[in-house]
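The sequence lines fix the lettering, A, B, ..., with proteins before strands; numbering per chain opens at 1. All figures in this text were calculated on a predicted structure; none of them were measured in a lab.
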Amino acid sequence: MPAVIHGVDRPDPPDPMSQDFKTELVALLPRLRRFARARTRTPEEADDLVQMTCERAWRARAQWEPGTRLDSWMFRIMVNLRIDLIRSAAAQGLAEGGDALDHLADHTWVRQVEASVRLEQVVSVMHQLPEAMQEILALVTIEGLSYKEAADVLQVPVGTVMSRLARARMALVKRLGLEPDATEAWAT
Amino acid sequence: MKTSSIADEELMAFADGELDNGRCEQIRRACEQDPRLAARVEMFRASRRLLTHAFEPVLQEPLPDRLLNAIDSLADDQAQPGAEAAGPLSVRATARRRRPRWIPALAASIAFVGSFAAVWLIRDARPGTGPAASVAVAGAPLAPVVQAALEHAVSGELVHGQIAGHAVDVLPRSTVQDGAVYCREFDVVETGGANASPQRGLACRDRSEWVPRSLPAAVPPASSADDGYQTASGGIEATRAIDHAMPVSADRERELIASGWLSR
């Protein structure tokens, strides 16, 4: 029988799922880190985001339904958290990414075929895309969620996922110099 | 450049294996006849390959101790009854208190958010109080005009009023439902004032009043609203600010207003 602690709400009974939940969090860490890395400029920033996501998920763990996908649920938390952080940065006058985009406008990407694109370049271009594009690209093309799963994470219709994703991929390849019109040779 | 009648979204879905078999076969045939279509499909495939490969190495990195330790200490918190969340969630934790309070003395909870930005949070701000008095706490009562707008106006309806002698417009933007709780995102702008940039806030109905969920923030520049982010109903931002929030339709919103938000 649980003891009553005076002056304090009685704590929840020890949660047998806690340890399992923690284990699942650790198992998801590599993918959470990858998802975060696709959205932030530095590895440190990415790990901060992962840590905050884990903390928020831990507090909200009663709301996660076992049997549903924990990864999607965690991605949704991270997506929300990222928006919060960008907003509070904006409130503090810390503009995010603006000058990087200006810089990009002056930068001429050499047209290259896919094989010669360096992966660091892909990372760099990814980080220069608008937030909404990074988000959808990270969910679908990096984390491998289906359109439907990404729609659930972002709470938007599947059609919105598709149009946003198509535009984001176009923007990415364009900035990498891989526009289809420049690479008709592929088709042969 | 226009290459065919097949939309990019559909070519992309084909490249991603998201189409049903029938349509898949049609597009496959179209691609065989039109090299430009095939090139476009290949470009969508390439974008996935490039991104997958670029971020794959992160999976192989050793997990940093700081994250493993952080998760360990999360587990420890569970054993400490009453240990309240600190850190990144402090604003949420404050907003979740049963009764909103206004505690000027509690410096740790106070945020200075600019001379006008804060004013709309304060119910009884006196005209003439300087910026130093204009502090806001998440959980502080909203000014009456904001309360009234959230209570009675549909999203998109501009409400005119005054806060501490300043003429303002309040614009409820959207409504979401978080379990049994209703939350609304809104903008406040000082009309005719020197500071005419709108401030955006989020408030949830607790018993009979609207309580801020977030400190006021300048309406973000294009960053989060670009790329067609906003829906017609504007529900996306507020939906994303609260875990598990569901957008409320315009019809449902009218019913809720008519019923006094079910007068909880």
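Here the side chain of Thr141(A) pairs no donor or acceptor atom with the backbone of Arg49(B) at under 3.5 angstrom. Distance alone, capped at 3.5 Å, is enough to place a donor-acceptor pair between the Arg48(B) side chain and the Val140(A) backbone.
Here the shortest heavy-atom pairing between Val58(B) and Pro30(A) reads CG1-O, 4.4 Å.
The parts of Leu29(A) that come within reach of chain B are both its backbone and its side chain, each placing non-hydrogen atoms under 4.5 angstrom from that chain. For Asp152(A), no part lies near chain B; criterion is any non-hydrogen pair under 4.5 Å. Glu18(B) touches chain A through its side chain: at least one heavy atom from C-beta onward sits under 4.5 Å away, while N, CA, C and O do not.
Glu61(B) places none of its side-chain heavy atoms less than 4.5 Å from the side chain of Pro43(A). With a 4.5 Å cut-off on side-chain heavy atoms, His53(B) and Val122(A) do not count as touching.
Remark: Leu59(B) CG to Arg33(A) CZ distance equals 9.5 Å, nearest 0.5 Å. To the nearest 0.5 angstrom, Met12(B) atom CE is 4.0 Å from Leu165(A) atom CG. Atom CD of Glu9(B) and atom CZ of Arg164(A) lie 12.5 Å apart (nearest 0.5 Å).
For the side chain to side chain contact (heavy atoms under 4.5 Å, CB included) test with Arg169(A), the passing option among Asp8(B), Leu50(B), Asp16(B) is Asp16(B); the others fail.
With chain A as the partner, the residue from Thr52(B), Leu63(B), Val41(B) showing the most heavy-atom pairs under 4.5 Å is Leu63(B). The choice from Arg34(A), Met126(A), Glu143(A) that makes the most heavy-atom pairs within less than 4.5 Å of chain B is Arg34(A). Across Val50(A), Ile142(A), Leu137(A), Leu25(A), the residue that shares the most heavy-atom pairs under 4.5 angstrom with chain B is Ile142(A).
Residue-environment remark: CG (Asp20(B)) exceeds the threshold of 12 foreign heavy atoms within 6.0 Å.
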task: Apply side-chain contact (heavy atoms from CB on, under 4.5 Å) to the pair Met170(A) and Arg40(B), showing each step before the final yes or no.
output: CA-CA 10 Å; Met170(A) 283 297 176; Arg40(B) 216 157 172 86; 2.9 Å; yes
